Structures are given as structure tokens and as C-alpha cells.
Amino acid sequence: MSIFSEIRRHVMAALDEMVADGTLPAGLDFGRVNVEPPRDPSHGDMATNAAMVLAKPAGSKPRDIAEALAGELAKRQEIDSAEVAGPGFINLRLDPALWRRCIGDVLAAGAAYGGSDTGGGAKVNIEYVSANPTGLLHMGHARGAVFGDALASLLAKVGYDVTREYYVNDAGNQIDILAESLIKRGRQLAGETIPDSEFEGFYPGEEVIDAARAANEEDPDWLSLPDGDRHAFARRQAVDFLMVRIREDLAHLGIEQEIYTSEAALVADGAVGRALDTLESRGLIYTGVLEPPKGKKPDDWEERPQTLFRATDFGDDVDRPLKKSNGEWTYFATDIAYHLDKYRRGFATLIDVWGADHGGYVKRMNAAVDAITEGEAALDVKICQLVNLMDKGEPVKMSKRAGNVVTIREVVDEIGKDVVRFIMLTRKNDAPLDFDFAKVTEQSKDNPVFYVQYAHARVHSVFRQARTTIPDLPLDDESLAEANLELLTDPGELALIKTIAGWPRIVESAAEAHEPHRLAFYLNDTAAEFHAHWNRGKDEAGLRLVVDSDRELTLARLAMIRALALVIASGLEVFGVMPVEEMR
RNA sequence: GCGCCCGUAGCUCAGUAGGAUAGAGCACGAGAUUCCUAAUCUCGGGGUCGCAGGUUCGAAUCCUGCCGGGCGCGCCA
């Protein structure tokens with residue numbers, strides 16, 4: 001049990017006692033009572049708003065409840081003092097031994113520290129990347145890829161049974177165009193002269209040429225197949241080839257998704273028809289005519305009756321079409337079937353990670369999931385804003401049409417997956433992110449990856465130092481766990497310990513909010529605190545971590561910073577970043 | 001025109017699902033290296049949290065309206 005839930009339990013118990021002895025009326029709802037560390041550390045270790053929240057329902061003044069509750073809490077051995085402050089807060093100071101004990105918890109748990117079983121093994125499906133296999137992944141995809149992957153790890157850490165998934169959009173128009181692009185490239189490779197102008201509107205990437213070569217190896221005569229067969233062959237070849245490349249690139253980023261669901265397979269299987277039949281049977285599908293969008297009317301707008309889903313019944317703004325005029329399903333229709341498929345596979349919690357350009361699609365998908373699962377499944381769509389690629393402050397221009405996209409592969413090869421992954425998580429997912437190639441490779445505190453890694457490396461550096469100066473001091477985790485932590489009395493040390501002890505709380509709240517970036521901010525703050533403490537040892541020799549003349553004190557301090565390194569490692573593990581032990 | 005996201009220090013952003021005197025970094029100014037990595041640290045100035053109302057013990061946070069920016073808006077995915 002974490003120190004936070006322990007103290008919360010004390011507050012709850014104290015409230016129960018006050019109900020028992022008549023100080024508080026029975027039947028109060030304690031749901032809004034919180035117990036958390038105050039923003040301002042001078043207020044103490046923990047604070048509770050219980051008196052203010054309960055004053056009105058209990059029919060008494062906040063101060064009176066606060067005084068009584070504080071008196072009750074102060075009796076407890078774990079709580080050194082309880083003071084009423086401000087409008088009715090109760091500030092608690094804890095027995096420092098409680099905090100120190102957390103160091104032992106970290107050493108025992110290792111990098112697994114901060115994990116929990118809050119999720120209770122509930123199945124969560126998180127779908128991310130899901131880029132169309134019409135080209136290689138570029139840096140625009142990297143953010144969603146890393147975000148989804150880190151969120152998955154984060155949820156796994158707090159006890160969810162997480163499945164990572166990629167939805168392959170291998171049906172529809174774009175794939176037809178891809179197939180035709182492949183055929184053009186095939187003819188080109190066969191010696192035919194095809195002017196660039198003929199590639200207008202097709203996929204120009206070099207990877208399509210590679211795919212055509214692969215097609216030649218698969219079947220040297222594929223170009224002479226009858227038109228329909230050739231097209232089908234080209235589709236299959238192109239998609240298979242590009243998916244292999246995409247998966248390779250993701251693997252380079254440290255991402256491996258366990259499920260790849262094919263849109264084409266869902267369609268071929270009849271899943272779309274079945275899903276829509278279900279909606280039909282509930283009266284949620286009708287044929288109607290939509291109003292043209294106001295303000296911006298498409299030039300080729302014509303009124304036509306369409307097959308529509310009653311999305312407005314589920315909070316959407318308009319009803320949404322399910323069929324194209326050529327009789328094919330819309331992307332939305334297949335997506336309904338896909339989400340139903342996920343639900344049927346046992347996932348009541350679904351997370352989709354999408355790019356900013358799909359933001360307008362969120363409401364209808366939520367409506368659809370609500371309708372198709374009869375409210376049984378919860379969908380959370382996380383939108384990742386754009387990544388602005390920069391170099392030394394100047395924007396790097398990227399245009400798919402001009403063919404000068406910056407691919408994930410290039411960047412990972414150049415600066416490494418760990419840097420890319422960490423930087424992508426240093427902003428809230430729905431805020432735009434600047435990714436400056438010069439800055440992220442810089443070795444300074446400007447660069448959060450470096451700064452955090454350096455803190456981790458510095459801990460190891462201190463250990464190397466200790467091994468030199470006190471060679472016979474045992475420094476394995478078991479020995480460190482035996483250290484006499486009572487020797488850690490300096491305010492800087494206690495502050496560091498409290499920060500370390502706060503890690504499970506951060507993990508918990510980040511997981512609940514589906515916001516992995518909170519870990520990045522915590523890691524940065526923790527690194528800063530450690531660097532500051534380290535420097536204090538420069539001014540005051542008594543605060544140095546390695547004290548040649550005092551083995552016991554050194555052991556206690558090393559236990560503390562070992563715990564700190566483990567917490568950093570724990571965070572980096574969620575991010576899929578390798579902690580470094582040396583930075584020379 | 002409608003919907004979603006956003007508006008916090010000169011700049012880039014946090015702000016722990018409503019808490020106490022709103023925080024970091026950059027930039028700017030002043031300092032710290034016989035010593036565990038100065039790739040670091042310390043101190044300082046800097047704000048009507050876009051504007052106006054509302055909800056309540058209490059609002060950057062929730063509600064309404066306006067202003068400003070981004071994204072999207074039938075048969076693309």
C-alpha cells in the first residue's frame with residue numbers, strides 16, 4: 001500500500017470515529033474528501049479538504065469539523081502533527097520514518113515500482129498508427145505511434161490487460177490508386193517510358209518502385225495478367241510489401257503491435273453487413289437526404305438520398321452516411337464493424353489514437369460505439385496534434401506530393417529511437433509539438449532526454465565513485481535495503497525521498513487520465529531535484545553522497561539515489577527508452 | 001455558418017478532474033568548479049491565467065456569451 005492510500009485510510013477511519021461518537025451525523029458521503037500532498041510543501045506532507053466538503057451536509061462550520069478531525073488524526077502514531085489552516089484545510093506532517101520506508105519499497109520492487117493492480121486485469125484495446133499502407137511512415141505518424149505505445153505500457157503497468165492493435169486500411173479507393181501506381185512502376189521497370197505527368201494523382205514514393213521489383217520476383221509475368229487479376233495482384237503485392245516496411249520501421253522505433261486487423265478481411269467476411277443489420281434491427285438506420293454544410297458548400301453538391309445512421313440519437317451533430325453512391329460501404333460503416341469486432345473480442349475499453357485531421361470524426365465514432373454495443377463499451381479517442389519539424393529553429397518543409405517527406409526510418413537511424421520516443425511524450429497529446437533536430441540531439445538541459453538520462457547516469461557515476469573510495473562496501477540492492485535510513489535527515493534528502501515516494505501517484509493519475517506526458521514532466525522535475533541535491537554536496541561537504549569516513553551514511557545515501565535511479569528507469573521503461581549508465 | 005481542440009510570464013509550456021500566495025524551462029541580470037561528471041547548480045526581476053458574467057466556502061480548472069488561433073465539415077481514409 002502506498003503512503004498516500006495509507007494516510008487516506010487514516011483520515012477515513014478518523015471520520016468514521018467521529019460519526020460513531022456523534023461528532024458528525026451518520027450517512028455522510030465521503031466521496032469528495034481528498035487527501036493529497038499540498039502544492040506548497042511548507043503546508044506539510046498531506047492535506048485534506050474533509051472539513052470544507054463536509055461542513056454543509058453535516059450542518060456545522062468547517063473550522064469546528066476541522067478542529068475535531070485534526071485532534072482525532074493527531075492521536076495517530078504515523079501522524080506527527082495535524083493543523084487547521086486557511087478556510088478549513090487540515091495539514092498533516094507525517095513521521096519521516098514513513099517516508100523513508102518508501103525507499104525500501106522501491107529497492108524491493110525495482111523498476112516495477114509505481115505499478116499497481118488498479119486495472120484489475122480488465123482488457124483494454126489500444127489501436128494506434130493504423131496508417132494507410134500507401135507509403136512509408138513519416139514523422140507525422142511517429143507521435144501517434146509513440147503515444148499509443150507508451151499509453152499501452154502505462155496502462156499495463158497499473159494492471160490492465162492491454163492489447164496493442166493496428167487497423168490496416170487495405171480496402172477502398174486509395175488502395176486501388178496504390179495498385180495502379182504499382183502497375184505503372186512495373187511497366188516502367190519493364191522498359192516502358194512513362195512521363196512524370198502520368199503519376200499525377202498517384203503515389204510517387206520510391207517504395208512503390210521497390211514494391212514493383214518485389215512483384216516481379218513474385219511473378220515475372222504479372223503485368224500480362226488480365227486487367228482484373230492484375231489489379232487484384234497489384235493490390236495484394238503493394239499492401240503486403242508496404243506493411244512489411246511499415247512494421248520494420250515501427251520495430252526500429254521499438255514498437256510491435258500484436259494484432260493487425262485488415263479492413264478488407266472484415267468486409268470480405270461480411271462483418272460490415274452484420275453490424276449494420278444489428279443497427280437496422282434497432283431502427284437506427286434510415287434513408288434520408290442530408291442538408292449541405294452551411295458556409296462551405298462543395299461545388300459538386302447534389303441532393304441525394306443516402307443510407308444514414310441515426311448518430312444524432314447518440315450525441316452527434318448530424319446523421320452519418322454508411323454507403324457510397326457506388327454501393328460500397330463508407331469508411332465509417334466499416335469502422336463501425338471494426339469497433340464491434342473489437343468489442344466482441346472482449347474489449348469493453350477501447351482507445352483509438354488518431355491524428356489531428358481526424359478530430360471531426362470523434363463524435364460519430366463515439367456515437368457508433370455507443371449504439372452498436374448498447375452502451376457496454378467505452379471508447380476514448382486520443383487526438384495527437386501535429387509535430388512541427390524544425391532544425392535550429394527553422395521549419396523543415398515536408399510535402400508528400402513533392403516526395404520530400406521525412407520518414408521515421410531516416411530520423412531513427414540518425415538520432416536514435418530513444419530520443420524520438422522521449423521527445424514525442426514531452427507534450428500533452430492534444431497540443432502541437434515542436435521537434436527540433438538540432439535541439440533534441442544537444443547535450444544540455446535544454447534537451448529533456450539528455451537531462452533525465454544524465455540524472456540516471458550520474459547516480460551510476462556516484463556508485464562508480466563509491467566503489468573506488470570504499471571498495472569493500474557492498475552495493476547490491478539487498479545490501480542497500482539493509483541501510484539505516486534514519487541517517488537521512490537533511491531537508492534536501494527528505495524532499496528527494498518524498499518525490500521518489502510520489503511516483504506511484506503520478507503513474508496512477510497519468511494512467512487514469514490517459515496522459516503519459518505527465519510522466520515526462522515528473523521525470524524532468526525529479527532529475528532537476530537530484531541535480532540540485534548533487535550540487536549541494538559541492539558547497540557543503542557534509543552533504544556529499546559518498547562520505548569516505550562514514551560507511552553507514554554512505555550506504556543510506558546510496559540507497560536513496562539507487563531508488564531514484566530505479567524510479568527514473570521505471571518511467572523510461574514505460575516510454576520504451578533505455579536508461580543509460582554513462583554519458584562520457 | 002456549425003462542431004471539436006486551444007488561449008497561463010517577452011518565448012515554449014506545466015498546473016496532479018474545484019483548493020491555500022498560479023509554477024518550470026528558455027531568454028535577460030548576478031554568482032558557484034582544489035571536491036561524487038560545471039553536460040550541472042544557486043539567486044533575481046518578470047502575470048488583470050483572452051474578455052465579461054454565473055455556479056460555491058473556494059475557479060486557470062465547471063456553465064453561458066463574446067474575442068482571437070488551429071483542425072474538420074455528404075459518396076476520402
Side-chain angles (χ1 to χ4, degrees), chain A residues 32 34 36-40 43 47 49 52-53 55-56 61-62 85-89 91 130-132 134 169 171-175 263 289-296 298 301-304 306-308 316-318 320-328 330-332 334-335 355-363 383 385-386 426-428 430-432 434 442-448 450-451 454-455 457-458 461-466 468-469 502 505-506 508-510 512-513 515 517-518 521-522 524-525 528 531-539 541 544-547 561 582-584:
Chain A
R32 290 184 47 206
N34 58 37
E36 54 188 21
R39 257 184 239 279
D40 183 348
H43 290 144
N49 63 352
M52 291 176 293
V53 174
K56 189 174 262 185
K61 290 187 205 142
F89 285 102
N91 292 331
S130 298
N132 296 343
T134 54
N169 295 124
N173 264 340
Q174 306 201 4
I175 301 299
E263 181 189 1
V289 179
L290 287 177
E291 298 273 314
K294 296 194 174 59
K296 191 198 135 194
W301 178 270
E302 57 178 289
E303 283 200 353
R304 85 168 70 236
Q306 289 177 289
T307 306
L308 299 171
D316 200 358
D317 307 307
V318 289
R320 303 293 180 177
L322 299 167
K323 261 188 188 172
K324 306 185 205 172
S325 54
N326 67 6
E328 286 177 17
T330 58
Y331 175 77
F332 180 50
T334 57
D335 226 1
D357 53 342
H358 290 57
Y361 199 77
V362 174
K363 269 193 179 182
I383 295 294
Q385 271 296 341
L386 300 178
T426 52
R427 286 280 177 269
K428 225 176 352 198
D430 55 6
D434 288 345
E442 199 172 288
Q443 302 212 330
S444 80
K445 72 171 303 188
D446 263 9
N447 176 0
F450 170 79
Y451 190 67
Y454 181 39
R458 196 169 229 182
S461 163
V462 174
F463 270 76
R464 286 190 289 273
Q465 173 70 21
T468 310
T469 34
R505 215 179 119 74
I506 299 289
E508 200 65 44
S509 65
E512 207 171 315
E515 291 186 351
H517 77 275
R518 295 188 190 187
F521 282 93
Y522 169 88
N524 207 62
D525 290 349
H531 289 310
H533 185 71
W534 189 92
N535 271 275
R536 259 176 243 132
K538 284 192 157 316
D539 300 334
R544 293 177 47 126
L545 296 163
V546 178
V547 185
I561 64 166
E582 200 170 7
M583 300 199 80
R584 280 193 194 281

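Predicted model, so just to flag it, every value in this text is computed and none were measured. Heavy-atom basis, side chains included; hydrogens, waters and symmetry copies ignored. The sequence lines fix the lettering, A, B, ..., with proteins before strands; numbering per chain opens at 1.
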Peer 1: By a 5.5 angstrom centroid cut-off and a 30 degree plane limit, is there stacking between Phe89(A) and rG19(B)?
Peer 2: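 Here Phe89(A) fails the 5.5 Å or the 30° condition.
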Peer 1: Judged by each residue's nearest nucleotide on RNA chain B, which is more toward the 5′ side, Ala171(A) or Leu290(A)?
Peer 2: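 Of the two residues, Leu290(A) wins.
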Peer 1: Would you indicate, yes or no, if rG15(B) has its OP1 or OP2 atom less than 4.0 angstrom from a side-chain nitrogen or oxygen of Lys428(A)?
Peer 2: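 Affirmative; the distance criterion is met.
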Peer 1: If you take atom types as modelled and just measure distance, does the side chain of His358(A) reach the base of rA77(B) with a donor-acceptor pair under 3.5 Å?
Peer 2: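 Pair found.
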Peer 1: Determine the Euclidean distance between corresponding P atoms of rU40(B) and rC4(B); express it in Å to zero decimal places.
Peer 2: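 Rounded to whole Å, the distance is 44 Å.
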Peer 1: Report the nucleotide, chosen from rU37(B), rU16(B), rA14(B), that has the shortest atom-to-atom distance to any side-chain atom of Ala457(A).
Peer 2: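 Among rU37(B), rU16(B), rA14(B), the one nearest the side chain of Ala457(A) is rU37(B).
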Peer 1: Would rA20(B) be called syn or anti, given that syn covers angles within 90° of 0?
Peer 2: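 Anti for rA20(B); the angle lies over 90° from 0.
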Peer 1: For RNA chain B, whose closest nucleotide is more 5', that of Phe521(A) or that of Val546(A)?
Peer 2: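 Mapping each residue to its closest nucleotide by heavy atoms, the 5'-most match is Phe521(A).
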Peer 1: For nucleotides 54-65 of chain B, tabulate all protein N/O to nucleotide N/O atom pairs closer than 3.5 Å, reporting atom names and distance.
Peer 2:
from    : atom 1 : to       : atom 2 : distance (Å)
rC57(B) : OP1    : Lys56(A) : NZ     : 2.9
rC57(B) : OP2    : Lys56(A) : NZ     : 3.2
rA60(B) : N6     : Arg39(A) : NH2    : 3.1

Peer 1: Side chain of Phe450(A): nearest nucleotide among rU40(B), rG19(B), rA20(B)?
Peer 2: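 Out of rU40(B), rG19(B), rA20(B), the nucleotide with an atom closest to Phe450(A)'s side chain is rU40(B).
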Peer 1: With the side chain of Arg505(A) defined as its heavy atoms from C-beta on, choose the nearest nucleotide among rA20(B), rU42(B), rU16(B).
Peer 2: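 Output: rU16(B).
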Peer 1: Any N or O donor-acceptor pair under 3.5 Å from the base of rA20(B) to the side chain of Asn91(A)?
Peer 2: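 Between rA20(B) and Asn91(A), which were checked side chain against base, a qualifying N/O pair under 3.5 Å is present.
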Peer 1: Is the ring pair His531(A)/Tyr451(A) parallel, tilted or perpendicular, if the boundaries are 30 and 60 degrees?
Peer 2: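 Because their plane-to-plane angle lies in the 30° to 60° range, the rings of His531(A) and Tyr451(A) count as tilted.
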Peer 1: Using a heavy-atom cut-off of 4.0 Å across all strands, would you classify Phe463(A) as base, sugar-phosphate, or nothing?
Peer 2: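 The residue Phe463(A) makes no contact with any strand.
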Peer 1: Using Watson-Crick pairs (N1 to N3, plus N6-O4 or O6-N4) and G-U wobble pairs, both distances under 3.5 Å, which stems of at least 3 pairs involve RNA chain B?
Peer 2: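 Result, WC/G-U stems under 3.5 Å: B:1-7 with B:67-73, B:10-13 with B:23-26, B:28-32 with B:40-44, B:50-54 with B:62-66.
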Peer 1: Choosing from rU37(B), rC75(B), rA77(B), which nucleotide comes nearest the side chain of Arg304(A)?
Peer 2: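 Between rU37(B), rC75(B), rA77(B), the one nearest the side chain of Arg304(A) would be rC75(B).
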Peer 1: Treat primed atoms plus P, OP1 and OP2 as sugar-phosphate and everything else as base, then score nucleotides 24-31 of chain B 5' to 3': B for base contact with protein heavy atoms under 4.0 Å, S for sugar-phosphate contact only, - for none.
Peer 2: -SS-----
Peer 1: Compare every heavy atom of Ala356(A) with every heavy atom of Gln385(A), then report the nearest pair and how far apart it is.
Peer 2: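 Closest heavy-atom pair between Gln385(A) and Ala356(A): OE1-CB, 3.6 Å.
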Peer 1: For the pair Glu515(A) and Arg518(A), find out whether any cationic side-chain nitrogen is under 4.0 Å from an anionic carboxylate oxygen.
Peer 2: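 A salt bridge is present here (some side-chain N lies under 4.0 Å from a carboxylate O).
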Peer 1: Counting only side-chain N and O atoms of Arg518(A), is one of them less than 4.0 Å from OP1 or OP2 of rC13(B)?
Peer 2: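 For rC13(B), OP1/OP2 do not have a side-chain N/O of Arg518(A) under 4.0 Å.
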Peer 1: Consider the side chain of Ala85(A), meaning its heavy atoms from C-beta on, and name the nucleotide among rA77(B), rA20(B), rA32(B) that approaches it most closely.
Peer 2: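 Nearest to the side chain of Ala85(A) among the choices is rA20(B).
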